[in-house]
There are 2 protein chains.
Amino acid sequence: MEAASTKAIRRPRADSQRNREKLLVAAAAVFRETGGEGTLEAVARRATVGIGTLYRHFPTREALFEAVYRREIDQLAELARDLEGSGDPVENLRGFLHAMVGLIATKKGMIRALAIVLDGSCEITNYSQATLLSAMQRVHAPAIAAGRLRPDVSAEDVLQTVVGMCIARRDERWEAAVSRLSDVFLDGLRIDRA
Amino acid sequence: MEAASTKAIRRPRADSQRNREKLLVAAAAVFRETGGEGTLEAVARRATVGIGTLYRHFPTREALFEAVYRREIDQLAELARDLEGSGDPVENLRGFLHAMVGLIATKKGMIRALAIVLDGSCEITNYSQATLLSAMQRVHAPAIAAGRLRPDVSAEDVLQTVVGMCIARRDERWEAAVSRLSDVFLDGLRIDRA
DNA sequence: CAATTATACGGAGGCACCCTCCGCTTTCAA
DNA sequence: TTGAAAGCGGAGGGTGCCTCCGTATAATTG
């Protein structure tokens with residue numbers, strides 16, 4: 001009947017999906033309030049769900065982080081695609097970096113999430129890591145190809161530098177500071193000087 | 001008799017000083033081995049000292065960190081003083097940044113320690129923060145004064161950028177990568193282009 | 001060399017969090 | 001309707017953090 005996969009595969013249970021959603025909402029709230037440090041038990045409590053249910057859906061803290069912030073990461077990837085093939089490549093990269101910093105700024109807990117994603121030691125965040133990196137590459141490569149940036153600094157280098165700036169900056173008003181610093185870094189990357 | 005302070009003040013007990021030293025040695029070893037994540041109980045065990053003794057000497061994890069790495073930070077400050085007033089100011093700054101990255105590289109646990117230092121919420125880390133910052137200022141200011149660097153980026157900005165790079169880079173061979181990236185950043189800061 | 005007293009020691013124990021495991025409940029599909 | 005697959009909840013074991021206080025000991029005093 002259903003045009004689903006092989007066969008003999010049940011639809012996911014309604015309560016399961018409901019709980020998953022409740023957990024994501026609760027986790028987003030807790031992480032926002034605590035800057036990404038809230039306990040998993042607090043998340044489960046807030047979602048009015050057992051701790052066991054939380055662990056079934058998200059076997060590690062990282063997995064929960066990734067799920068919570070996947071939407072934001074996808075948004076960045078979309079921005080990268082939108083910028084593709086139009087406008088000045090260096091300015092596109094600058095715009096992308098600023099958007100990234102801005103997005104991180106609005107999601108307090110996302111700083112830690114990004115740190116976890118970039119850590120790489122953890123299998124579960126592969127999707128986010130790959131998405132983020134390929135978004136960066138999409139914006140970075142054209143500027144290299146146009147001979148506008150030093151070719152010996154990779155998209156990964158840029159990504160980790162900017163995220164590093166965000167992590168190290170813990171005070172207020174860090175968003176403006178990091179935007180400025182990322183501009184400085186970008187200036188350092190340029191072969192043609194403005 | 002003793003030319004000590006006011007009076008009526010006892011000499012510190014010998015066993016206390018001995019234990020403090022043993023704790024510092026043990027902590028340095030444990031933090032180096034675990035990348036700064038070892039448990040305090042492991043430190044106490046290694047020092048063959050009770051956990052209570054550890055907490056009496058170092059009331060928080062940060063305090064212990066700070067004590068362990070104060071020596072290394074002092075070393076950086078000394079380097080900054082040595083560089084003072086001789087040679088090209090931009091090259092001095094570059095050298096200082098590389099030394100800083102190198103020092104962090106040899107003390108794996110220091111990465112995390114620096115994150116704690118930058119956090120600033122804890123009284124005890126003020127010394128490290130102030131020392132590190134003033135060392136950076138000592139090397140940074142002359143380059144500004146000579147009109148060689150953008151004056152709108154502060155020593156604090158530079159410090160946090162480089163430390164951020166170190167924190168974000170968790171993979172192997174990060175030392176070379178961060179050295180290169182800090183050069184790029186420095187190029188961005190320059191007003192005269194090489 | 002006692003006796004005195006300020007200091008320091010150690011680790012038991014309370015608390016919080018992490019995560020697993022399994023008996024019970026709910027949903028799906030036949 | 002009903003069997004069983006899928007999901008649920010939370011008790012409980014493990015570990016780490018930190019405090020507290022009875023005991024031990026070094027410095028000081030007579």
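Chain letters run A, B, ... following the sequence lines, proteins first and then strands; every chain starts at 1.
For the side chain to side chain contact (heavy atoms under 4.5 Å, CB included) test, residues two or more places apart in sequence or in another chain that qualify with B/Pro142 are B/Pro89. Legend: residues meeting ring-ring contact (aromatic ring centres under 6.0 Å, His included) with B/Phe185, ordered by chain and number and at least two apart, are absent. Taking B/Ala80 as the reference, B/Phe96, B/Ala135, B/Arg138, B/Val139 meet the side chain to side chain contact (heavy atoms under 4.5 Å, CB included) condition, with sequence neighbours excluded.
Residue contacts for B/Ala44: at a heavy-atom cut-off of 4.0 Å it reaches no nucleic acid atom on any strand shown.
Against DNA chain C, the stretch residues 26-34 of chain A makes no heavy-atom approach under 4.0 Å.
With the nearest nucleotide of DNA chain D identified for both B/Thr39 and B/Ala14, B/Thr39 has the one nearer the 5' end.
The line from OG1 of B/Thr161 to CD of B/Glu156 is 10.5 Å long, rounded to the nearest 0.5 Å.
The backbone N or O of B/Arg180 lies less than 3.5 Å from no partner atom in the side chain of B/Asp183, so there is not a single donor-acceptor pair.
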Heavy-atom protein contacts under 4.0 Å, nucleotides 1-13 of chain D, coded B base, S sugar-phosphate only, - none: --BBBBSBBBB--
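The terminal axes of the helix from C/dC1-D/dG30 to C/dA30-D/dT1, fitted over 5 pairs per end, subtend an angle of 0° to the nearest 10°.
Salt bridge absent: A/Asp88 and A/Arg94 never bring a charged side-chain N and a carboxylate O closer than 4.0 Å.
Across all non-hydrogen atoms, the minimal contact from B/Leu186 to B/Leu149 is CD1-CD2, 4.4 Å.
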